[in-house]
Amino acid sequence: RLELRHGSHREGKRNDAEMQRWRDYGLGQFIHWGVYAIPGGAWDGISYNGAAEWIRSWSEKSGAPKDWRATYDKLYKQFNPQHFDAKIWAKQAKKMGARYMIFTTKHHDGFCLWPSKYTKYTIVNSPYKKDIVKEVVEAYAAEGIDVYLYFSIIFWNHPGYRSTVPKAPHDSLAYESFKEFTRNQLVELLQNYPQTKGLWFDGSWDAAWVNQAAWTDKLETELRQLKPGLIIGSRFRADEYGKRHFDSNGIMMGDYEQGWERKLPTTIDDTHGNDWDCVMTIPPNQWGYNADWKSSYIKTPYDLIAMLMQANSLNGNFVINFGPDGQGAIRPEESAIAAKVGEWMQINSEAVYGVTHANFPKPDYGVLTKKDTTLYVTVFNRPINNIVRLAIPKSSKEIPGKAYLLVNNVPLDLSAVNMGLDRDNNMYYDVALPVGFSAAEMP
Ligand SMILES: C[C@@H]1N[C@@H](C#Cc2ccccc2)[C@H](O)[C@@H]1O
């Protein structure tokens, strides 16, 4: 084992109340919003083929309009979202069943949706002027939804930003100013918005930042002291050998694993016994608003519900991303998806909130989650014989005999079902699905 000064400072899960609250969320909403919502993935009739929130990085050699960067960097002067109403967003999240939300205070372009004292590139200098982060934090708090602030380390047009490790003296000096700027903004966010429960870091892969193990370690400690109980994921900092998410001894950095971006673990072993979240886009890879939803597959509510249950069956939270348009409205297609997920959650959220992995053989008809001695069997692939078999290894300590199978919220008493031993010496319960049962079909 390596002697690390700036690796993970804790082994095993955090066991304080704030982290248990995080663990119990089950479902979250991510909102990506900023100046990038104005172009919405295209400009002057030319489409950008990357993620809409990355459109500033569009180069002329890959088809960007002439002087695109300069054009983009003036767009904030048009940012005046007349349809923005954080209360509408928050009510939609509530109806969807989200217990927490993650909001982009600034993305890689650096435009701050709060009146930061440390740069002029903020909402104050846009026609909108008002503090959007404040409106969001307050609206979600009013709905009882916890807020986490997304913060991009990358700031493409900050004079001191460097992606590669600075070598020349003037670059090193510039980067020192960028580090101080970054620290100042993070302290400012925690002081301005004390309601926030955590920071969701992104854009921390640059060599220049990865090379700052000691400084970022010190900064993380300072932020945690500033806000006891603060939750920070594995993406914030690297150890002194440049290892991210997991230090050079394989111990997770931060409080939960942030590696599951647009992907999910398959087995509980993939999660290494850690807390984790999966953040998921509705199109294949668009976080910010992209006007064109015709040229790619849009996930259905069923797709998202299946992912939600897979995440929760493996001890993870599932966070669905929404990208409001340049006027601040969530597009009708996204609102419809949120409503459908909410209808399903209305019936089945007991199998989502506060659950843990059930250590039984995973059935092929759906997923298992559990809470205390109650087992939730969420059936997505209805067996042709209408029987779901629950196999419990005889060695298992968790015999759900006292539990109920909640199948689409229909409690089934296990003692009333056919039991036996299969050839793998598992005890099994064969449960006939009630007539009309459907976990996934919308009511
Ligand atoms: C949460 C998501 N992370 C961001 C990214 C990225 C990215 C882009 C290229 C290569 C690797 C990672 C996306 O823009 C979005 O904010």
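Start at 1 and go down the list; that is how both ligands and their atoms are numbered. Worth saying up front: this structure is predicted, and the values here are computed from it rather than measured.
- For ligand 1, the atoms sitting less than 4.0 Å from at least one non-hydrogen atom of His107 are 13 (C), 14 (O), 15 (C), 16 (O), numbered in the order shown with element in parentheses.
- Ligand 1 has an N or O atom lying under 3.5 Å from an N or O atom of Asp202, backbone or side chain.
- Distance from atom 13 (C) of ligand 1 to its nearest protein heavy atom, with residue and atom name: Glu53 OE2, 3.4 Å.
- Residue Leu223 comes nearest to Leu230 through the heavy atom pair O-CD2, 3.8 Å, listed as atom of the first residue, atom of the second, then distance.
- Look at Arg21 and Glu18 and you find no salt bridge, because none of the NZ, NE, NH1 or NH2 atoms lies under 4.0 Å from a carboxylate O.
- Closest non-hydrogen pair, Leu113 versus Trp33, comes out as CD1-O, 3.3 Å.
- Taking only nitrogen or oxygen atoms, main chain and side chain alike, His32 reaches within less than 3.5 Å of ligand 1.
- Ion pairing between Lys179 and Glu176 holds under the 4.0 Å rule for side-chain N and carboxylate O.
- In this model, a donor atom of one side chain and an acceptor atom of the other lie less than 3.5 Å apart for His108 and Ser152.
- Protein heavy atoms come within 4.0 Å of atom 1 (C) of ligand 1.
- What sits closest to atom 6 (C) of ligand 1 on the protein, heavy atoms only, is Trp205 CH2, 3.8 Å.
- When every heavy atom of Ile268 is checked against every heavy atom of Leu314, the shortest pair comes out as N-CD2, 3.5 Å.
- Distance check on atom 11 (C) of ligand 1: every protein heavy atom falls at or beyond the 4.0 Å cut-off.
- The protein non-hydrogen atom at the shortest distance from atom 8 (C) of ligand 1 is Trp54 CZ2, 3.4 Å.
- The two residues Met253 and His6 make their nearest non-hydrogen contact at CE-O, 3.7 Å.
- Atom 5 (C) of ligand 1 has its closest protein heavy atom at Glu261 OE2, 3.7 Å.
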